Number of protein chains: 2
Amino acid sequence: MAYRNVMYICSMQQQTYLKGCLSAIVLQLLQDNKRMYGYEITQKVREITAGELQLTEGALYPTLHKLEAEGVLSTENSLVDGRNRKYYKLTETGHQQAQSAVSELADFVSNLQKILNLKPSLG
Amino acid sequence: MAYRNVMYICSMQQQTYLKGCLSAIVLQLLQDNKRMYGYEITQKVREITAGELQLTEGALYPTLHKLEAEGVLSTENSLVDGRNRKYYKLTETGHQQAQSAVSELADFVSNLQKILNLKPSLG
DNA sequence: TTTAATACATAAGAAAATTTGGCATATAGA
DNA sequence: TCTATATGCCAAATTTTCTTATGTATTAAA
């Protein structure tokens, strides 16, 4: 059985901050790429963040299933090199949801930065 | 009885993204301000983010208690205008923890931005 | 005197991710 | 050939964390 917990090479703390952002990250990636499969998403995030962020499969797949159940994502299966892949892409309504989720996340990030960059107050 | 749920004027979505960041936000504010009390923290965040982020008391107070129990924060009570205030400040070890937590959060924000700003891939 | 603001606190429940396990195929190395 | 690694999907139990809903109490303004 293969060793799975690659996570420990990442910052434990940053993983904590992921809470709540996972759906938005998935939606953003699916706006940038027409279709992606689960494993590909985990690798993409790892690549973009130079290994600093690692989506766990235990978190990702339930999220994908939930988004599909909500009608935000649709799927199509394909067999590649003898291995199954399940591609996800945004539905029509999914595109709208993705845009609003991503813009809200961007706003949140901007608010976080305001807090982090805050100069010491006098008093 | 006073009306409590001021939260509905904020973005529900952004509140979701808060998950996991609350402690780090508190620690950052306490690095910028020698001491703060709970209610003050909620108002400070509201002020900094122009009302876009609202820390709920139900989330904040347990977090403050947890950080105190961990030895990150210490408290002192004071009576102001007939009302009790519980001031929190960073302990010595708290300062170190605050620094690492905040820098990790900053890294996380930077990673999020990489994901959000990602240009569409070819293919 | 009722409402709103200030100020603390707790408890039940939901939401979301983690942990930990499972299944299966392909490939490279010892 | 045996093993580890990489690829690819999934689910259940648990834990963490926040939301929602209260409770208590003082001050001030309408």
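Just the heavy atoms: all of them, side chains too, but no hydrogens, waters or symmetry mates, feed the values below. Since this is a predicted model, take the numbers as computed values, not measurements.
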Worksheet item: Regarding B:Glu68 and B:Thr75, is there a side-chain donor-to-acceptor distance under 3.5 Å anywhere?
Response: yes
Worksheet item: Per the atom types in the model, does the base of D:dC18 pair as donor or acceptor with the side chain of B:Gln15 at under 3.5 Å?
Response: no
How close or far is atom [atom2] of [N] from atom [atom1] of [X], stated in whole angstroms?
X	N	atom1	atom2	value
B:Glu57	D:dT24	CD	P	16 Å
B:Tyr17	D:dC18	OH	P	16 Å
B:Tyr87	C:dT6	OH	C1'	12 Å
B:Tyr39	C:dA4	OH	P	13 Å
B:Arg85	D:dT27	CZ	C1'	12 Å
A:Leu18	D:dC18	CG	C1'	17 Å
B:Leu64	C:dA9	CG	P	8 Å
A:Leu79	C:dA24	CG	P	15 Å

Worksheet item: Can you name the one residue among A:Val72, A:Ile41, A:Leu64 that meets side-chain contact (heavy atoms from CB on, under 4.5 Å) with A:Tyr88?
Response: A:Leu64
Base, sugar-phosphate alone, or nothing: which one does [X] contact when heavy atoms must sit under 4.0 Å apart?
X	value
B:Arg83	base
B:Gly82	sugar-phosphate
B:Gly58	base

So which nucleotide from [options] ends up closest to the side chain of [X]?
X	options	answer
B:Tyr61	D:dC10, D:dT7, C:dA9	C:dA9
B:Gln43	C:dT6, C:dC8, D:dC10	C:dT6
B:Tyr37	D:dC9, C:dA7, D:dC18	C:dA7
A:Lys19	C:dC8, D:dG8, D:dT17	D:dT17

With respect to the phosphate group of [N], does any side-chain polar atom (N or O) of [X] fall under 4.0 Å of OP1 or OP2?
X	N	result
A:Thr56	C:dT18	yes
B:Lys66	D:dT16	no
B:His65	C:dT10	yes

Practice prompt. Could you check whether the rings of A:Tyr37 and A:Tyr87 sit parallel, tilted or perpendicular, using 30° and 60° as the cut-offs?
Written response: perpendicular
Fill in: Set of residues satisfying salt bridge (charged side-chain N to carboxylate O under 4.0 Å, His left out) with respect to A:Arg35, sequence neighbours excluded
A:Glu76
Practice prompt. Determine the minimum heavy-atom distance between B:Gln15 and B:Glu52, stating which atoms define it.
Written response: OE1-O, 4.2 Å
Fill in: Pairwise 5' ranking along DNA chain C for A:Gly20 and B:Tyr88, keeping only the more 5' one
B:Tyr88
Discussion item. Which is more 5' along DNA chain C, the nucleotide nearest B:Ala59 or the one nearest B:Val80? Just name the residue.
Written reply: B:Val80
Fill in: Atom NZ of B:Lys86 with >12 non-hydrogen neighbours under 6.0 angstrom
yes
